[in-house]
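The first residue of the sequence shown is numbered 1, and numbering continues consecutively from there.
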Amino acid sequence: MNAGAFLITFREALEAAIIVAIIVAYLRRTNRSNQIKDVWTGAGLSILASVLLGVGILELYGGLEEKELFEGVASYLAVIVLTSMIYWMATKGRNIKAEIESKVSEAINPLALIGFTFVVVFREGLETVLFLTPFATQDLGGTVMGLIAGIAGALVLAYLIYGVGMRINLRTFFYYSSILLVFVAAGLAGYGTHELIEWGEEEGMHLGFIGEKAYDLGIPGDSIWHHKGAIGSIFAVLFGYSASMEWGRVMVQLGYPTVALYLVLRAYGKEPSLARGDSKLKSAM
């Protein structure tokens, strides 16, 4: 099972489940229970559209000749969307309940409610497809297993929260999962850089030191510690580990988390005390 695919799917599916739960709870509270079926219709259509989109992307990938270019661009696109999602949830997530209830209050007729539910759930599905595409091109079977496990885990947790009434601090959960996702995104950015370097070299581009090997651990490809091995692949997905790297990849994988972690910590109000002190000093001046 692909650990990165599981983590990403688990978080995205949980967000979708929370959104649906908020809509259903609001409809029950406002005596509109008869419209709950419209919510399930919109959610079902969004899931179907997401699956079709994922299949379409994989079919497109299978027919491409320049797979390195596709994988590189797909990885960078996934990192951009993943980063924006993490930051949005950190800064705007606390107001999501009020925003959704406001929109649902305006969606009076069935078609409007189906359309609204479709849009908000499909956004999560679209993000999931974009995130999982780089993983699927490397390990389709493991990605599918991670996808299924992530959805199942998210549905169980959502049921425990909204069905059984289990108490959990969702903001704390999203905070720690965001930190893990930063490292997953760093690995994706590094992998995308590696694929683009390979594509550039095949095209005859002179990349200089960016394409030169920064290190090579000399681990054989059939070893469990290789980044494609049983143990190494787990670290590869979660932390971007690789038995060898180019300088370009090293710079990206070190530079991205340095910036992204600071933004996440700052968004959750947990940035280092020195940074907060500098901010207060500037405000006082």
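- In this structure, E246 and I210 have side chains that are not in contact, with every pair of non-hydrogen atoms separated by 4.5 Å or more.
- Nearest heavy atom pair, residue L196 against residue V73, reads CD2-N, 4.3 Å.
- With 3.5 Å as the limit, one finds no donor-acceptor pair spanning the side chains of S242 and Y191.
- Atoms OG and CZ, on S50 and R123 in that order, are 12.5 Å from each other to the nearest 0.5 Å.
- Following chains of ILVMFWY side-chain contacts shorter than 4.5 Å, one cannot reach I47 starting from V20, and the two form parts of different hydrophobic clusters.
- Salt bridge R11/E15: present, at least one basic N to carboxylate O contact under 4.0 Å.
- L52 and V121 are assigned to two separate hydrophobic clusters, defined by single-linkage of ILVMFWY side chains at heavy-atom distances under 4.5 Å.
- Among T41, V104, I36, the one residue that satisfies the side chain to side chain contact (heavy atoms under 4.5 Å, CB included) test with L113 is V104.
- Residues L263 and Y87 form a side-chain contact, since some pair of their non-hydrogen atoms from C-beta on lies under 4.5 Å apart.
- When all heavy atoms of Y241 and W225 are compared, the closest pair comes out as OH-O, 2.5 Å.
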- Task: Test side chain to side chain contact (heavy atoms under 4.5 Å, CB included) on Y175 and I179 and set out the steps.
- Result: CA-CA 7 Å; Y175 167 66; I179 291 177; 3.7 Å; yes
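- Counting only heavy atoms from C-beta outward, the side chains of V81 and Y76 never approach each other to under 4.5 Å.
- Atom CD1 of I18 is separated from atom CD1 of I100 by 9.0 Å, given to the nearest 0.5 angstrom.
- A chain of hydrophobic side-chain contacts below 4.5 Å, direct or via other Ile, Leu, Val, Met, Phe, Trp or Tyr residues, connects I151 to L53.
- Rounding to the nearest 0.5 Å places OG of S75 at 11.5 Å from CG of L130.
- Taking NE2 of H227 as the start and OG of S233 as the end, the distance is 10.0 Å to the nearest 0.5 Å.
- The closest side-chain heavy-atom distance from L188 to F135 is below 4.5 Å.
- Under a 4.0 Å N-O distance rule, the pair E195/R249 does not qualify as a salt bridge.
- Of all heavy-atom pairs between H226 and P220, the closest is CB-O, 3.4 Å.
- A distance of 10.0 Å separates CD in E71 from CG in L69, rounded to the nearest 0.5 Å.
- Of all heavy-atom pairs between W199 and E68, the closest is CB-CB, 3.8 Å.
- Put simply, the side chain of T83 reaches to within 4.5 Å of the side chain of Y256, judged on heavy atoms.
- The line from OG1 of T117 to CD1 of I23 is 4.0 Å long, rounded to the nearest 0.5 Å.
- Hydrophobic clustering of Ile, Leu, Val, Met, Phe, Trp and Tyr side chains at less than 4.5 Å, counting indirect connections, unites W40 with F118.
- Looking only at side-chain heavy atoms (C-beta outward), F10 and S177 stay at 4.5 Å or farther from each other.
- Side-chain contact between M85 and F131: present, with at least one pair of heavy atoms (C-beta onward) separated by less than 4.5 Å.
- Under the 4.5 Å side-chain heavy-atom criterion for Ile, Leu, Val, Met, Phe, Trp and Tyr, L147 and V51 are members of distinct hydrophobic clusters.
- Nearest heavy-atom pair across A136 and L58 is CB-CD2, 3.9 Å.
- Residues F174 and I86 form no side-chain contact, since every pair of their non-hydrogen atoms from C-beta on lies 4.5 Å or further apart.
- What you find for P257 and A186 is that their closest heavy atoms are CD-CB, 3.9 Å.
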